Asker: 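Got a structure for you, questions after.
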Amino acid sequence: MEKSINVSVVIPLYNEEGNVVELYRELKGVLNREKISHEILLINDGSSDRTTQLISELHSQDPCVTVINFRRNFGQTAAMSAGFDYARGDVIVTMDGDLQNDPADIPVLLAKIAEGNDVVTGWRFARKDPFISRKFPSMIANKIISFITGVHLHDYGCTLKAFKKEITQHIKLYGEMHRFIPAIASGMGACIAEVKVNHRARKYGASKYGISRTVRVILDLVTVKFLLSYSNRPLHVFGLIGMISSSLGFFLLMLLGFQRQCYGIPMGDRPMLMMAVLLIFIGVQFVTIGLISEIQVRTYHESQSKPIYYVKNILREE
Ligand code: UDP
Ligand code: MG
């Protein structure tokens, strides 16, 4: 029998040759000191520096280290998703591979999981990153995400998080969506907690992102919000917009007809006529998009046997 693994630590790595060995040492120190049975999954996201070689050495020295080498760079979200797929532990801890997260915080996260939370996320309350390119956009993004998703956290971007395995099994990630896992998990009914964690400046290597990430995050937010609120009932959004638009168009048309009949105002050359017709057309199209989405949604849920609900537990006589 294989020994059971309590914790799987998932670390995405993209050209982190300066950090990976020191990170491994620090992490191993913490896990051993706390006597946590563990595995460490190093996901090599197509690094072109010595990362590949260094982590295969770590693997040959320590059987707890699993290395997953991607064929090319697929991005941090894909790397984390691979970590979830291959992890065997009951709890999955994710962290950055650039030493910005502190492994010493892991026991705190695990304690929160033990208290009964399904997801625990780190809050980098003293973040050591540049203000203009990082902290400021992130501050705004955090406010918007908090408002739109209704899951109120201070810091969505922190990679240092812990999840129960049941949660990660149900979550499929696309785009830049790893930062929305708490929101998606909360949509499933998970208990979420936030703890303050240490954050350190990057010592070796450079950040892989620029300011353009903010735009992608906001676009992903639209997707997440839509999936969370309407993925079971798209006609409720599209149909509503369509009905409002058509009704408005119909009302305008009635007004034009009334003015034509009662006051003899010709309507053929009035811009409002164009507006009215356009509104009716747009309305019909929205409703049609809604109906097509309803069909899509059925394919989406049924082809992957994706439930529209998540069961916590069942009490039943056998
Ligand atoms: N990373 C990755 N694939 C990428 C970009 C980044 O696996 O395409 C990893 C990177 O090696 C690091 C983590 O994701 O471990 C966070 O990246 P980074 O430090 O550049 O982001 P920042 O801290 O600046 O937000
Ligand atoms: Mg970093």
Side-chain angles (χ1 to χ4, degrees), residues 3 5-45 47 49-69 76 79-80 82-84 86-114 119-130 134 155 157-163 168 178-179 193-209:
K3 209 173 104 222
I5 300 169
N6 283 334
V7 176
S8 300
V9 183
V10 169
I11 307 178
L13 297 166
Y14 180 45
N15 294 341
E16 302 288 0
E17 60 182 1
N19 298 307
V20 66
V21 176
E22 193 175 328
L23 172 67
Y24 167 78
R25 281 205 200 102
E26 277 192 26
L27 179 61
K28 197 71 187 177
V30 171
L31 294 170
N32 283 342
R33 191 170 64 233
E34 302 284 325
K35 299 195 174 50
I36 299 167
S37 82
H38 62 269
E39 62 173 352
I40 299 173
L41 290 118
L42 302 176
I43 325 292
N44 179 13
D45 186 13
S47 298
D49 65 355
R50 285 177 57 245
T51 305
T52 316
Q53 187 193 336
L54 292 171
I55 58 178
S56 71
E57 278 164 21
L58 290 177
H59 164 71
S60 53
Q61 289 160 18
D62 180 354
C64 294
V65 173
T66 300
V67 168
I68 297 169
N69 286 307
Q76 189 184 352
M80 289 176 64
F84 293 162
Y86 287 92
R88 290 168 294 181
D90 303 324
V91 177
I92 296 167
V93 172
T94 56
M95 64 189 296
D96 278 348
D98 56 1
L99 287 167
Q100 290 198 270
N101 296 136
D102 188 347
D105 287 316
I106 292 178
V108 187
L109 299 188
L110 295 178
K112 277 277 176 193
I113 291 276
V119 178
V120 181
T121 90
W123 167 19
R124 299 164 290 180
F125 66 104
R127 194 170 165 186
K128 306 284 189 313
D129 271 327
R134 273 296 131 75
D155 183 6
C158 181
T159 316
L160 185 58
K161 294 189 174 87
F163 308 91
T168 59
H178 62 267
R179 72 193 59 246
E194 191 176 45
V195 292
K196 287 188 180 179
V197 297
N198 193 8
H199 193 247
R200 308 181 286 197
R202 212 186 224 280
K203 272 197 286 185
Y204 309 100
S207 171
K208 310 298 179 299
Y209 301 101

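Computed from a predicted structure; not experimentally measured.
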Asker: So, for Ile68 and Ala82, which heavy atoms are closest and what is the spacing to 0.1 Å?
Answerer: CD1-O, 4.5 Å
Asker: Quick one: does Asp155's side chain get under 4.5 Å of Thr121's, heavy atoms only?
Answerer: no
Asker: Taking the side chain as everything from C-beta on, heavy atoms only, tell me whether Leu27 gets closer than 4.5 Å to Ile11.
Answerer: yes
Asker: Between CG of Asn19 and CG of Asp98, what distance do you get to the nearest 0.5 Å?
Answerer: 6.0 Å
Asker: Can you confirm whether Phe125 is buried at CZ, in the sense that more than 12 heavy atoms of other residues, nucleotides or ligands lie under 6.0 Å from that atom?
Answerer: yes
Asker: Within this structure, what is the CG-CD1 distance for the pair Leu23 and Ile55, rounded to the nearest 0.5 Å?
Answerer: 11.5 Å
Asker: Do you know which two heavy atoms are closest between Leu41 and Ser8, and how far apart they sit?
Answerer: CD1-CB, 3.8 Å
Asker: Looking at every non-hydrogen atom in both residues, tell me the closest pair between Met80 and Pro12 and how far apart they are.
Answerer: CG-CG, 4.1 Å
Asker: As an exercise, state the distance from NE2 of His59 to CG of Leu54, rounded to the nearest 0.5 Å.
Answerer: 14.5 Å
Asker: Judged by atom type as modelled, is there a donor-acceptor pair below 3.5 Å linking the side chain of Asn101 to the main-chain atoms of Asp96?
Answerer: yes
Asker: Locate the shortest heavy-atom distance separating Asp45 from Ala79; write the atom from each residue and the value.
Answerer: CB-CB, 4.5 Å
Asker: Taking the side chain as everything from C-beta on, heavy atoms only, tell me whether Met95 gets closer than 4.5 Å to Asp105.
Answerer: no
Asker: List in chain and number order the residues that pass side-chain contact (heavy atoms from CB on, under 4.5 Å) with Thr52, two or more places apart in sequence or in another chain; answer none if no residue qualifies.
Answerer: Asn44, Ser47, Asn69
Asker: Between the side chain of His199 and the main-chain N/O of Ala126, is any donor-acceptor distance below 3.5 Å?
Answerer: no
Asker: Would you say the side-chain atoms of Thr51 pair up with the backbone N or O of Glu17, donor to acceptor, closer than 3.5 Å?
Answerer: yes
Asker: Are Lys161 and Leu109 side-chain neighbours, meaning at least one heavy-atom pair lies under 4.5 Å?
Answerer: no
Asker: Taking all non-hydrogen atoms of both residues into account, name the closest pair between Val197 and Cys158 and its distance.
Answerer: CG2-SG, 4.1 Å
Asker: Who passes side-chain contact (heavy atoms from CB on, under 4.5 Å) against Ser207, sequence neighbours left out?
Answerer: Arg134, Arg202, Tyr209
Asker: List the atom of Ala162, the atom of Val91, and the distance in Å for their closest heavy-atom pair.
Answerer: CB-CG1, 4.3 Å
Asker: Determine whether Val195 and Val120 make a side-chain contact, defined as any pair of heavy atoms from C-beta on separated by less than 4.5 Å.
Answerer: yes
Asker: Using 0.5 Å steps for rounding, measure from the CD1 atom of Ile40 to the SG atom of Cys64.
Answerer: 6.5 Å
Asker: Might you confirm whether atom CZ of Arg200 has over 12 heavy atoms from other residues, nucleotides or ligands at distances under 6.0 Å?
Answerer: yes
Asker: Using the side-chain hydrogen bond (donor to acceptor under 3.5 Å, both in side chains) criterion, which residues pair with Asn32? Sequence neighbours excluded.
Answerer: none
Asker: Please examine the side chains of Leu160 and Val93, heavy atoms only from C-beta on, and report whether any two atoms are closer than 4.5 Å.
Answerer: yes
Asker: Rounded to the nearest 0.5 Å, what separates atom CG in Leu58 from atom CG in Leu42?
Answerer: 6.5 Å
Asker: Salt bridge or not between Glu16 and Lys208? Use side-chain N to carboxylate O under 4.0 Å.
Answerer: yes
Asker: Working to the nearest 0.5 Å, report the span between OH of Tyr24 and CG of Leu31.
Answerer: 9.5 Å
Asker: Is there side-chain contact between Leu99 and Glu26, with heavy atoms separated by less than 4.5 Å?
Answerer: yes
Asker: Under 4.5 Å between any side-chain heavy atoms of His178 and Thr94, yes or no?
Answerer: no
Asker: Any chance you could lay out the side-chain contact (heavy atoms from CB on, under 4.5 Å) test for His38 and Lys28, step after step, and finish with the verdict?
Answerer: CA-CA 9 Å; His38 62 269; Lys28 197 71 187 177; 2.8 Å; yes
Asker: Working note: Thr159 + Gln76, criterion side-chain contact (heavy atoms from CB on, under 4.5 Å); need CA distance, chi angles, decisive distance, verdict.
Answerer: CA-CA 10 Å; Thr159 316; Gln76 189 184 352; 3.5 Å; yes
